[in-house]
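Note sheet for the following structure.
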Amino acid sequence: MKELLQDLVRKGLEKCYAAGVLTSGEIPPIVIEKPAHAEHGDFATNAAMLLARAEKKAPRAIAETLIKHLEADALCAGVEVAGPGFINFRVMDEAWRRTLLAIATAGPDYGRSTTGSGRKVQVEFVSANPTGPLHIGHGRGAAIGDTICRLLAATGWDVTREFYYNDAGAQIANLALSVQARCLGIEPDDPRWPADGYQGDYIKDVARSYLARETVNADDQHVTAAGDPQDLDAIRHFAVAYLRREQDEDLRAFDVRFDVYFLESSLYADGSVDAVVRRLVENGHTYEQDEALWLRTTTFGDDKDRVMRKADGGYTYFVPDVAYHQNKWERGFARVINEQGADHHSTITRVRAGLQALAEGIPEGWPEYVLHQMVTVMRGGEEVKISKRAGSYVTLRDLIDEVGRDVTRFFFVMRKPDSQLVFDIDLAKQQSLDNPVYYVQYAHARICSIFENAAEKGGVVPSAEEVNLDRLAAPEEMAIVKTLAAFPEVVEGSAASLEPHRITYYLQELAGEFHSFYNKSRVITEDAELTAARLFLLACVARTLNNALGLLGITAPEKM
RNA sequence: GCGCCUGUAGCUCAGCUGGAGAGAGCAACGGCCUUCUAAGCCGUGGGUCAGGGGUUCGAAUCCCUUCAGGCGUGCCA
């Protein structure tokens with residue numbers, strides 16, 4: 001619809017220039033937007049204001065000239081100049097109603113597009129190290145990352161979901177020592193307990209399982225325990241597999257899945273890390289100081305240089321990070337998006353600097369990042385403090401068990417990633433109007449209930465051929481139709497900006513308009529034609545609610 | 001100190017690639033169920049868009065600056 005109006009305005013301008021009533025010959029980018037207030041019509045353009053300078057005329061005068069040269073078409077019911085020089089368009093109700101037919105035809109595909117034209121995009125998210133259960137911060141990352149994947153897939157991208165983890169670094173060594181200590185019956189308050197060991201009770205479970213020589217199967221790891229408390233290497237392998245399996249179970253419960261699990265250790269094993277270091281040295285971006293090898297990241301905008309190889313000979317985490325991203329680049333993704341907690345934001349400059357220093361033609365702003373701010377958890381009016389080492393924190397699993405998957409997912413994506421999120425567990429558990437998830441799901445359930453009711457009275461949702469859409473003319477009905485029509489661009493915008501929260505706002509708006517309509521009008525009446533038209537409208541609402549909820553990985557219940 | 005994020009109604013937050021009297025939900029107050037789910041609807045009140053400068057025909061939105069909060073500033077990830 002916007003495209004049609006753009007064409008209309010462009011042709012109008014061309015006619016003005018041909019007729020000599022406008023002289024600058026400029027065609028500005030023609031922006032068609034939705035006015036903030038409904039009285040201003042359905043769409044508006046600021047084209048006349050943009051031309052004011054070049055034409056040296058008042059915007060309103062230009063607008064008046066322009067609308068005289070607009071061709072009459074089947075779309076517009078009215079065009080007028082308003083405010084400082086906007087041109088407002090009112091679209092015929094019939095044109096709006098036709099979108100209902102499009103929805104019925106598209107069905108589950110309504111809202112999808114081919115913008116991505118099958119290009120490959122990789123989204124890395126969660127990427128939790130296997131040192132413990134997933135916590136609430138990982139939960140936010142999982143919800144945002146998964147929704148971004150769904151949005152990109154819906155807009156025609158070929159999405160690869162990837163989970164990267166460190167299975168060999170200092171934290172993992174620490175994990176192995178902690179499990180070993182538990183195997184030997186050493187408690188955290190014992191002087192023999194490892195410094196900075198993981199104190200959580202789950203470590204005891206790992207130790208017990210290891211001693212019992214159990215076999216664990218994670219999505220990407222299959223290990224049988226050796227059972228020997230002295231074999232630190234075996235303990236490490238087992239602990240990693242065990243905790244990965246726990247994470248996999250949590251992610252499954254959250255309905256989040258991955259295509260690729262990428263191990264940091266593989267970058268050492270296949271020589272990528274060494275190759276990266278060699279390349280950086282060759283390119284002259286490194287120097288030795290204090291027995292360490294440094295990368296001059298300041299050349300690429302970092303505020304200080306970074307150590308690559310420590311005095312003890314080991315590499316710092318950022319070297320495999322660079323190797324990993326070089327690997328992503330070589331896999332040929334048109335885009336790579338990293339979803340992470342904002343507490344890791346300092347890695348962005350370093351990774352990009354490292355990639356620039358490789359001088360392999362990787363663009364400066366590559367890869368893209370979506371950072372989510374911290375989550376604070378409220379329970380009983382008090383903040384729950386998170387302390388991983390001490391093992392006291394709210395896990396993702398706790399949340400899913402307590403408030404349900406749908407509510408958890410919705411709450412996590414409800415705010416834009418840049419905003420800190422207060423997760424009030426008591427509020428999330430309420431099945432009340434405070435809870436937007438129920439509000440939206442209730443709209444869907446209500447519609448299903450109406451269908452059931454209609455069926456009992458012999459009514460069915462009519463097909464597109466038999467329905468008379470002209471019967472839908474009430475303001476509440478037209479409001480719904482217009483909101484439904486906006487869905488594809490909401491999806492498009494949400495995907496383009498990597499902002500899942502837009503879908504949650506859209507859902508609340510659509511659900512609100514439906515509830516409003518419901519309270520004002522009866523669907524099933526003696527008037528068979530009107531009943532049929534309204535059932536058709538509601539089928540489109542239910543379809544769109546379902547599709548939108550699907551983008552968030554949330555169910556659309558038929559009964560509540 | 002420096003970098004990133006945030007500051008909008010009593011509360012939680014949208015709006016931020018510049019556009020028309022600044023929005024939603026909750027809370028407060030007042031209404032609506034013999035009829036398809038009241039987990040709902042309708043109405044009322046509520047604002048120096050943190051403060052100050054600047055750019056612009058036009059700024060919550062862009063730039064500078066001050067203040068406040070969060071995160072980071074590891075040879076941890």
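Chain identifiers are assigned alphabetically (A, B, ...) following the order of the sequence lines, protein sequences preceding nucleic acid strands; residue numbering begins at 1 within each chain. For clarity, every value in this text was computed on a predicted model and none was experimentally measured.
Contact annotation: A:Y324 does not reach the phosphate of B:A77 (side-chain N/O to OP1 or OP2, under 4.0 Å). Residue A:S346 places no side-chain N or O under 4.0 Å from the OP1 or OP2 atom of B:C4.
The listed nucleotides are B:C36, B:C71, B:C75; the one nearest the side chain of A:I450 is B:C36. Closest approach to the A:K310 side chain among B:G40, B:C76, B:U73 is made by B:C76 (side chain taken as heavy atoms from C-beta onward). Here the side chain of A:R446 is nearest to one of B:U6, B:A77, B:G40, namely B:G40. Picking from B:G40, B:A14, B:G21 the nucleotide with the shortest atom distance to the side chain of A:H515 gives B:G40.
Across all strands shown, A:S521 has heavy atoms under 4.0 Å from base atoms, whether or not it also approaches the sugar-phosphate. Nucleic acid contact for A:A58: none, since no nucleic acid atom lies under 4.0 Å from a heavy atom of the residue. Across all strands, A:K559 comes closer than 4.0 Å to base atoms (heavy-atom distances). The residue A:A52 sits apart from the nucleic acid: no heavy atom pair falls under 4.0 Å.
Both stacking criteria are satisfied for A:F86 over the base of B:A20: a centre-to-centre distance under 5.5 angstrom and an angle between ring planes under 30 degrees. Under the stacking criterion of a centre-to-centre distance below 5.5 angstrom and an interplanar angle below 30°, A:H345 is not stacked against the six-membered ring of B:G72.
For the ring-ring contact (aromatic ring centres under 6.0 Å, His included) with A:F163, the lone residue among A:F125, A:Y261, A:F262 that qualifies is A:Y261.
Separation of the P atoms belonging to B:G19 and B:G58 is 14 Å when rounded to the nearest angstrom.
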